[in-house]
Amino acid sequence: MPELPEVETTRRGIAPYLEGKRIAALRVRERRLRWPVPEGLEAQVAGARVQALERRAKYLLLRLDCGTLILHLGMSGSLRVLPATDPPQRHDHLDLVLEGGYCLRLRDPRRFGALLWCPDSPEAHPLLRDLGPESLSADFDGPYLAQVAAGRRVPVKSLIMDSGVVVGVGNIYASESLFLAGIHPQRACRRISAARYARLVGSIRQVLTAAIQQGGTTLRDFRQADGSPGYFALSLRVYGRAGAPCPRCGAPIQARRIGQRSSFFCPHCQH
DNA sequence: CCGGACGCCTGTCGGC
DNA sequence: TGCCGACAGGCGTCCG
């Protein structure tokens, strides 16, 4: 999926087409996403104005004057803005038709994405309520991460991918951040010093910021709002590069499953 | 409370 | 060439 950089890239790409615009119609071709698209949602949002497009974790929040649409891209979702008359293709499940002839179209082959309706404050929604701090915000810092880690015994990679700890660090960027910080992904999180956590926070920020600047990472499905791929795939140091030389020391990159997710690291540079 | 495993789906890729 | 299993960017839920 889209991790945080892909969702943020998408948000920035589609925001100009949405903010301040009125919704002419919602067309649902396939209701069976991660959760069913609520019955009657079409009537609920028709005619409403999009006040703002925000992001919390990997959720996009479309603030309407009458409530909030919560959109998630799952593993394979992408959003594009197209002329509303463009014929939908396979796996194009939703169109949010806007005044002026454009529509926002969701494509999601695996259907792990979601479109939900929240009539009141989305922060209180069960899916958003228990999320940790944003990874690029000031309240995600070294002392916070060290303190959270103290009570846990999972590998550090699982820790930073736990959305209750910090949001937005998915499988690709967890491996990349740990490489940059020189920390072995499987190291027990209680056996890492506060100083190294501070460094890890810096690495996460650096990796995510660079990835956003490159338009995210396209491995297969992901597309920016204009249809172009994300170019951060060219900057990946370890993810997907098992056997290739470490860009820092030349030793072969290792692959291993940690917490049911494939993980990549340099056995020489990361401890 | 925590941590680990599973399942949701479809598409693709590598090995035989 | 064809088939089959493994795996894929997430994450809620269940179980011990």
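Letters go in sequence order (proteins before strands), and every chain restarts at 1.
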Does dC1(B) have OP1 or OP2 under 4.0 Å away from a side-chain N or O of R152(A)? no
Could you tell me how far apart D108(A) (CG) and dA8(C) (C1') are, to the nearest whole angstrom? 13 Å
Considering just the side-chain nitrogens and oxygens of S262(A), establish if one lies under 4.0 Å of OP1 or OP2 belonging to dA8(C). yes
Can you list, by residue number, the residues of residues 123-135 of chain A that have a non-hydrogen atom closer than 4.0 angstrom to DNA chain B? none
Quantified in whole Å, what is the P atom distance between nucleotide dC9(B) and nucleotide dC3(C)? 25 Å
Is_stacked (F112(A), dC9(B)) at 5.5 Å, 30 deg: no
Does OP1 or OP2 of dC11(C) have a side-chain N or O of H72(A) closer than 4.0 Å? yes
Base-pairing assignment for dC9(B) (Watson-Crick or G-U wobble, both under 3.5 Å): none
Does dC9(B) have OP1 or OP2 sitting under 4.0 Å from an N or O in the side chain of H91(A)? no
Keeping R196(A) on the side-chain end and G182(A) on the backbone end, is there a donor-acceptor pair under 3.5 Å? yes
Hey, does Y173(A) reach any base, or is it just sugar-phosphate, or nothing, if we go heavy atoms under 4.0 Å? nothing
Rounded to whole angstrom units, what separation is found between the CZ atom of R32(A) and the C1' atom of dC8(B)? 12 Å
Distance check: side-chain N/O of R34(A) vs OP1/OP2 of dC11(C), anything under 4.0 Å? no
Judged by atom type as modelled, is there a donor-acceptor pair below 3.5 Å linking the side chain of E19(A) to the main-chain atoms of L53(A)? yes
L33(A) or C189(A): which one's nearest nucleotide on DNA chain B is closer to the 5' end? C189(A)
Does R257(A) make a side-chain N or O approach to OP1 or OP2 of dA8(C) shorter than 4.0 Å? yes
Under-4.0 Å side-chain N/O to phosphate OP1/OP2 contact, R90(A) with dT10(B): no
